[in-house]
Each structure stands twice: as structure tokens, then as C-alpha cells.
Amino acid sequence: MEKIKHISVEFKDWIMKTLKSGAAPEAIAAAMIKKGFDETFAYQTLLRIVGNQSVKTADRSPSPFVYEVPEIGQKGNVITTSDRDIHVLSRVDQPFILHLDNLLSYEESDELIHLSKDRLEPSQIIDSETGEKKAAPGRTSKGMYFTLGENWLVTTIERRIAELTNYPIENGEGLQVLNYKIGEEYKPHFDYFPPNRVKPEQGGQRVGTLLIYLNDVPAGGETVFPKAGVTIVPKKGTAVYFHYGNSKGQVDRMSLHTSIPVSQGEKWVATKWIRQGKIY
């Protein structure tokens with residue numbers, strides 16, 4: 001069946017009304033795709049409408065995202081922490097993306113998977129309105145969360161991430177581990193919260209994400225930044241860090257990303273989301 005690549009005025013009005021009701025943009029995109037719209041067209045259309053709508057709400061001209069190099073990007077090609085050297089494999093400045101090697105040892109990766117297996121549940125996201133976890137449309141993996149400092153391994157990884165990024169441990173959400181089986185994915189989405197729903201008392205906006213690959217994936221499972229034309233292939237012990245917040249309170253729409261379906265084997269990843277301020 002041919003995918004729909006145009007949108008009616010009535011459907012555009014529906015999107016705008018649904019956005020005003022508080023629906024997440026990625027949920028609207030998922031609904032469009034389900035109705036037969038081409039996936040790329042759906043996200044491009046939604047991004048355009050969301051941008052225009054935010055401008056109208058603020059009653060001012062759009063302000064382009066101001067790129068600022070985060071501290072992790074000022075440390076050179078080898079970043080030394082207290083217990084290992086982490087190597088920069090590649091770098092993109094707009095959006096800011098670092099591909100990193102040697103973030104975890106093979107033994108640490110295996111142990112993190114081992115500690116997670118019996119605690120996996122269908123993946124959830126944090127509701128920006130309530131702060132509670134809820135099911136995520138377009139996300140078919142299973143996952144679990146560690147609390148800060150839950151065990152020696154988590155404590156070691158959290159300290160290493162803090163030294164790597166120069167953000168305090170308390171600015172990070174609990175380490176999340178995800179498992180994707182064959183065919184499972186996470187459709188294109190943003191990691192930051194809708195700006196009008198950010199709560200300073202809960203750590204404020206997310207500003208960066210560190211995604212750590214815990215195993216090699218025989219085929220599929222790549223992390224793709226479609227607007228930037230960047231694809232990261234999962235490799236055990238490596239990671240990708242992307243930064244999408246700045247000191248002006250803006251968020252970078254170029255950070256749209258997706259985890260494409262696994263086609264062979266399975267995929268294990270650990271995620272650390274970093275906030276503007278302390279969460280705990």
C-alpha cells in the first residue's frame with residue numbers, strides 16, 4: 001500500500017488541537033503512521049507544526065537553537081576518568097554527538113545485563129506532567145531502572161559518567177537498562193520534555209543523554225539521528241553521548257533519534273539521562 005505523503009487542512013487542525021491538549025508529539029506521529037502516513041513525512045510535518053505552534057503561543061519570531069559546546073566536548077579525543085581512558089571515535093557538532101569507546105569493560109557490560117535480566121518489564125517513559133512512569137507508544141523493548149548507588153557496579157558507572165560529563169551524579173536519572181528482541185524498536189523521538197512542562201523542583205529539563213551499548217548486535221538495532229544523517233552501530237562497551245540543552249533554556253530539535261528494529265540476535269543498552277539540576 002502506498003504511503004500517504006500529503007496532509008489536509010482538517011488533519012493539520014486536528015494535530016494542533018491534540019498538541020494543545022497536552023499529547024506528546026511522538027504519540028501523534030505514531031498515530032499518523034498508523035493511519036498510513038509515510039514515517040519520514042509524518043515526523044517532518046509534525047516538527048514543522050510543533051515549531052510553528054510554539055512560536056504562535058509565545059507570540060514572537062522563532063529563535064534558532066544556540067549551540068554551545070558542553071564540557072565533555074572540550075576534553076579532547078581521549079577523556080581520562082579516575083579509572084579508565086575513554087576514546088572519542090567520532091564527533092558531530094550540530095547536533096552535538098560524541099561516539100565513545102571503552103566506556104565500559106566487557107566484564108562490566110556482562111554484569112550489568114546479569115543484574116537486570118530478572119527485573120525487566122515493558123518499557124516506560126516519564127510523564128512530564130506527573131513525573132510518573134507510563135507506557136510509551138512506539139517503544140517495544142523491555143527495561144528496568146537502578147536507583148542511584150544501588151550496588152557497587154552502578155556506583156562505579158555513575159561516578160565515571162559524572163567525571164566524563166562534568167555533571168554531578170545527582171543530576172542524573174537512575175541508570176536504565178533496556179533489552180530489544182528481534183523486531184523491537186523505539187520510533188523517532190526526543191529525550192527532552194516539552195518546555196512548557198519542565199518542573200525545576202524535579203531537576204528541570206533534560207540536557208543530555210548517554211546511551212551505552214552492552215553487547216554486539218549481529219544485525220539491526222542501530223541508533224539513528226535522521227535529521228543529522230548519523231547512524232551509530234551497537235558495539236559492546238561503546239557509547240554515544242548527545243547534548244540537546246543550552247544555557248538559554250532552548251532544546252535542539254536536531255536531536256531527534258530512533259532505535260531501528262533488531263533483525264538478528266538481541267540488543268542490550270544502558271541509558272543515563274542528565275538534567276539541568278539535581279533531581280534528588
Side-chain angles (χ1 to χ4, degrees), residues 72 77-81 83-92 95-123 136 138-146 151-154 156-161 164-165 172 174-189 191 208-226 228-243 255-274:
I72 187 176
N77 296 333
V78 180
I79 303 175
T80 300
T81 67
D83 61 356
R84 72 199 301 104
D85 289 337
I86 299 169
H87 300 265
V88 177
L89 297 175
S90 64
R91 170 178 176 145
V92 177
F96 185 85
I97 304 170
L98 283 186
H99 188 194
L100 304 167
D101 191 23
N102 197 42
L103 190 90
L104 295 187
S105 69
Y106 275 27
E107 293 75 19
E108 289 171 331
S109 299
D110 290 342
E111 182 64 13
L112 206 54
I113 292 173
H114 172 72
L115 293 172
S116 307
K117 278 187 174 180
D118 293 337
R119 296 168 58 179
L120 296 175
E121 296 179 350
S123 293
R139 192 178 195 183
T140 52
S141 60
K142 289 186 177 180
M144 57 78 64
Y145 284 88
F146 290 103
N151 54 51
W152 68 268
L153 179 58
V154 169
T156 298
I157 295 172
E158 288 169 346
R159 182 179 64 247
R160 189 178 303 157
I161 292 172
L164 173 70
T165 63
L175 192 68
Q176 183 192 44
V177 174
L178 295 170
N179 177 228
Y180 295 82
K181 302 294 187 182
I182 290 178
E184 294 184 335
E185 62 181 326
Y186 195 176
K187 292 186 180 295
H189 62 283
D191 279 1
T209 298
L210 182 68
L211 184 64
I212 309 168
Y213 302 104
L214 304 181
N215 74 316
D216 295 326
V217 182
E222 294 92 342
T223 303
V224 178
F225 296 83
V230 174
T231 297
I232 307 293
V233 176
K235 182 180 182 299
K236 189 172 184 175
T238 67
V240 58
Y241 177 81
F242 48 105
H243 197 87
S255 67
L256 182 77
H257 59 286
T258 179
S259 176
I260 68 171
V262 173
S263 53
Q264 290 183 33
E266 62 180 334
K267 174 183 175 182
W268 286 89
V269 295
T271 305
K272 171 66 77 171
W273 288 291
I274 298 172

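For the numbers below, each heavy atom of this structure counts, side chains included, while hydrogens, waters and symmetry mates do not.
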Could I get the full list of side chain to side chain donor-acceptor pair (under 3.5 Å) partners for Lys267, not counting sequence neighbours?
Ser259

For Phe242, give me all partners under ring pair (Phe, Tyr, Trp, His ring centres under 6.0 Å), at least two apart in sequence or on another chain.
Phe225, Tyr244, His257

Pairing residues for Lys235 by the salt bridge (charged side-chain N to carboxylate O under 4.0 Å, His left out) criterion, not counting sequence neighbours
none

Taking salt bridge (charged side-chain N to carboxylate O under 4.0 Å, His left out) as the test, write out the residues that go with Arg84, two or more places apart.
none

State whether a side-chain donor-acceptor pair under 3.5 Å links Asp101 with Thr238.
no

Could you label the plane-to-plane angle of the His243 and Tyr241 rings as parallel, tilted or perpendicular, counting under 30° as parallel and over 60° as perpendicular?
tilted

Residue set satisfying salt bridge (charged side-chain N to carboxylate O under 4.0 Å, His left out) with Lys117, at least two apart, ordered chain then number -> none

Going by the rule side chain to side chain donor-acceptor pair (under 3.5 Å), which residues pair with Asn151 if we only count those two or more places apart in sequence or in a different chain?
none

Can you name the residues that form a side chain to side chain donor-acceptor pair (under 3.5 Å) with Glu266, not counting sequence neighbours?
Asn179, Lys181, Trp268

Results of salt bridge (charged side-chain N to carboxylate O under 4.0 Å, His left out) for Arg91 - residues two or more places apart only:
Asp93

Under the side-chain contact (heavy atoms from CB on, under 4.5 Å) test, residues paired with Asp83 that sit two or more places apart
Thr81, Thr156, Arg159, Arg160

By side chain to side chain donor-acceptor pair (under 3.5 Å), Thr231 pairs with (sequence neighbours left out) none

Sorted by chain and residue number, the side-chain contact (heavy atoms from CB on, under 4.5 Å) partners of Pro218 (sequence neighbours excluded) come out as Gln264

